[in-house]
Amino acid sequence: MKKLLVTGSSGLIGSEVCVDFAAEGWEIHGIDNNQRAVFFGPLGDTRWNQHRLEGAIKGFVHHELDIRDRQGVLDLMKQLRPDAVVHTAAQPSHDLAASIPFADFDTNAVGTLNLLEAARQHAAEAPFVSMSTNKVYGDAPNELPLKELETRWEYADVAYWNGIPETFRIDQSKHSIFGASKVASDVMVQEYGRYFNMPTCALRGGCLTGPSHSGVELHGFLSYLIKCNLTGKKYNIYGYKGKQVRDNIHSHDVARFIASFIAAPRAGEVYNIGGGRANSCSILEAFQMIAGISGRQMTSEYVDQSRSGDHICYISDLRKMKAHYPGWGITKSLADIFREIHDSWAGRAETAE
Ligand SMILES: NC(=O)c1ccc[n+]([C@@H]2O[C@H](COP(=O)([O-])OP(=O)(O)OC[C@H]3O[C@@H](n4cnc5c(N)ncnc54)[C@H](O)[C@@H]3O)[C@@H](O)[C@H]2O)c1
């Protein structure tokens, strides 16, 4: 039986990967210490998801380990010698990072290095997939000329119709403290591929979402927006007239790409992974879509100050992923995603009235 080590296993992407690989017959080991609850308070708690995995996956082993614990990571990797590693544990919020720069960098940059080096020592042949972010491009995408449409911003240059490619520059822009720690992680993942010829890749996520997200205002855009709709909580729109565009990908389609890479790995790759143009929406468009599903109008307030370093229009160019892995494509439409998140929140205690 093949062994998979997943960090951040109680989080959105980690838990999806655990479930999908278990269904394919892998033995699953998860690392998570519920740090999300430390970062975001009780509303970010992911224990519910850990317990869900323990119930749903036969033989699932939860390791209560902090990826900043270098010796602990080395020891576990030596003990397990996994056949593949999927690294999703992170401090994921670009807004929060500025108030906790040490915890952010230690988790995102040093935590990744701890795992890479442990893998090099004890599982060098194992494909190593690490979640990166489109914030590695900083606010450089905002330099692209945009045109204002009725409900969204749009690239004015048709050369970007398919979105931002992996060749877009990553330096000399404002990243947020989070984006900078993720750049360090992303470049180190590439380096272990190029320098040590390990089968690594960094996935630069757009908006990754799905029913297993514990969305909070500081992280998890659609999950949080839909939760606000269900509970009648006021949603704050930060700048750009609410026309800022995000491309949304279901965690299942992320997990499917990770499986494609693990089945046929390459060394030191980067991919932009998001929903692409078909799954893009602005905040104003998201308000309309969720109202159509729940029958409730959004309550919102406009704050005339955008988030520092926030993208105005970001769409991931998926062509490199599709060229390298032609069997992969988006299977969950934006409507599917809205419906699933809606139904998940409707069944969770936090949204009970
Ligand atoms: N969700 C998105 O929209 C999005 C977008 C771009 C990139 N990403 C990246 O994808 C990855 C996964 O994101 P997610 O949305 O699943 O996040 P998440 O917060 O839902 O899951 C991360 C998990 O990691 C755990 N964790 C955090 N620090 C840890 C530590 N030091 N030791 C052990 N466990 C720890 C948390 O408790 C949490 O359960 C992250 O690298 C994130 O930066 C996410």
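For ligands, and for the atoms within them, numbers begin at 1 and follow the listed sequence.
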Colleague: Determine whether more than 12 heavy atoms belonging to other residues, nucleotides or ligands lie under 6.0 Å from atom OH of Y195.
Modeller: no
Colleague: Backbone, side chain, both or neither: what part of S9 comes under 4.0 angstrom of ligand 1, heavy atoms only?
Modeller: neither
Colleague: Which atoms of ligand 1 sit under 4.0 Å from any heavy atom of L65?
Modeller: 32 (N), 33 (C)
Colleague: Compare all side-chain heavy atoms of W153 with those of Y240 and state whether any distance is below 4.5 angstrom.
Modeller: yes
Colleague: Decide yes or no for H63 and N33: does some side-chain heavy atom of the first lie under 4.5 Å from some side-chain heavy atom of the second?
Modeller: no
Colleague: Which of the atoms in ligand 1, numbered in the order shown and given with their element, are less than 4.0 Å from a heavy-atom of N34?
Modeller: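 Close to N34: 37 (O).
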Colleague: Measure from atom 41 (O) of ligand 1 to every heavy atom in R36, Q50, K182 and give the option owning the shortest one.
Modeller: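 Going through R36, Q50, K182 one by one, K182 has the nearest heavy atom to atom 41 (O) of ligand 1.
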Colleague: Find all atoms of ligand 1 within a distance of less than 4.0 Å from any non-hydrogen atom belonging to N33, and give their numbers and elements.
Modeller: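 Answer for ligand 1: 29 (C), 30 (C), 32 (N), 33 (C), 34 (N), 35 (C).
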Colleague: Have a look at I273, D32, V86, T133 and point out the one with the heavy atom closest to atom 39 (O) of ligand 1.
Modeller: D32
Colleague: If we set the cut-off at 4.0 Å for heavy atoms, which region of A90 has an atom near ligand 1: side chain, backbone, both, or neither?
Modeller: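 Near ligand 1, A90 shows its backbone as well as its side chain.
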Colleague: May I ask you to list the atoms of ligand 1 that are less than 4.0 angstrom from any heavy atom of A89?
Modeller: 24 (O), 26 (N), 34 (N), 35 (C)
Colleague: Which ligand 1 atoms are under 4.0 Å away from a heavy-atom of C207?
Modeller: 3 (O)
Colleague: Ring centres of F257 and Y325 under 6.0 Å apart?
Modeller: yes
Colleague: Among G274, P92, G206, G220, which one has a heavy atom closest to atom 6 (C) of ligand 1?
Modeller: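 Minimum heavy-atom distance to atom 6 (C) of ligand 1 goes to G206.
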Colleague: Is there a donor-acceptor contact under 3.5 Å linking the side chains of S308 and K174?
Modeller: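 Yes - a donor-acceptor pair under 3.5 Å links their side chains.
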Colleague: Relative to the heavy atoms of S10, which atoms of ligand 1 are at a distance of less than 4.0 Å?
Modeller: 39 (O)
Colleague: Measure the acute angle between the ring planes of Y314 and H311, then classify it against the limits of 30° and 60° as parallel, tilted or perpendicular.
Modeller: parallel
Colleague: What do we get for T46 next to ligand 1 when only non-hydrogen atoms under 4.0 Å count, side chain, backbone, both or neither?
Modeller: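 Side chain only; the backbone of T46 stays clear of ligand 1.
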Colleague: Within the structure provided, determine whether S9 and Q50 are in side-chain contact (heavy-atom separation under 4.5 Å).
Modeller: no
Colleague: Distance only, no hydrogens: is a donor on one side chain within 3.5 Å (strictly under) of an acceptor on the other, for D253 and T331?
Modeller: yes
Colleague: For ligand 1, is any non-hydrogen atom under 4.0 Å from K135's backbone (N, CA, C, O), its side chain (CB onward), both, or neither?
Modeller: neither
Colleague: Taking only heavy atoms of G205 into account, list the atoms of ligand 1 that are under 4.0 Å away from them.
Modeller: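 Going through ligand 1 atom by atom, the ones under 4.0 Å from G205 are 6 (C).
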Colleague: For this output row, return yes or no: ring centroids of Y271 and H324 closer than 6.0 angstrom.
Modeller: yes
Colleague: Using a 4.0 Å heavy-atom threshold (strictly under), name the region of R204 that reaches ligand 1: side chain, backbone, both or neither.
Modeller: neither
Colleague: Any side-chain heavy atom of V86 sitting closer than 4.5 Å to one from I262?
Modeller: yes
Colleague: Which bit of H213 is near ligand 1, meaning a heavy atom under 4.0 Å away: side chain, backbone, both or neither?
Modeller: side chain
Colleague: Tell me the contacting part of N108 for ligand 1: side chain, backbone, both, or neither, using a 4.0 Å heavy-atom threshold, strictly below.
Modeller: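 No part of N108 is near ligand 1 at this cut-off.
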Colleague: Check the side chains of T209 and N248 for a donor-acceptor pair under 3.5 angstrom, ignoring hydrogens and angles.
Modeller: no
Colleague: Under 4.0 Å, heavy atoms only, figure out whether ligand 1 is touched by the backbone of T107, its side chain, both or neither.
Modeller: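 Just the side chain.
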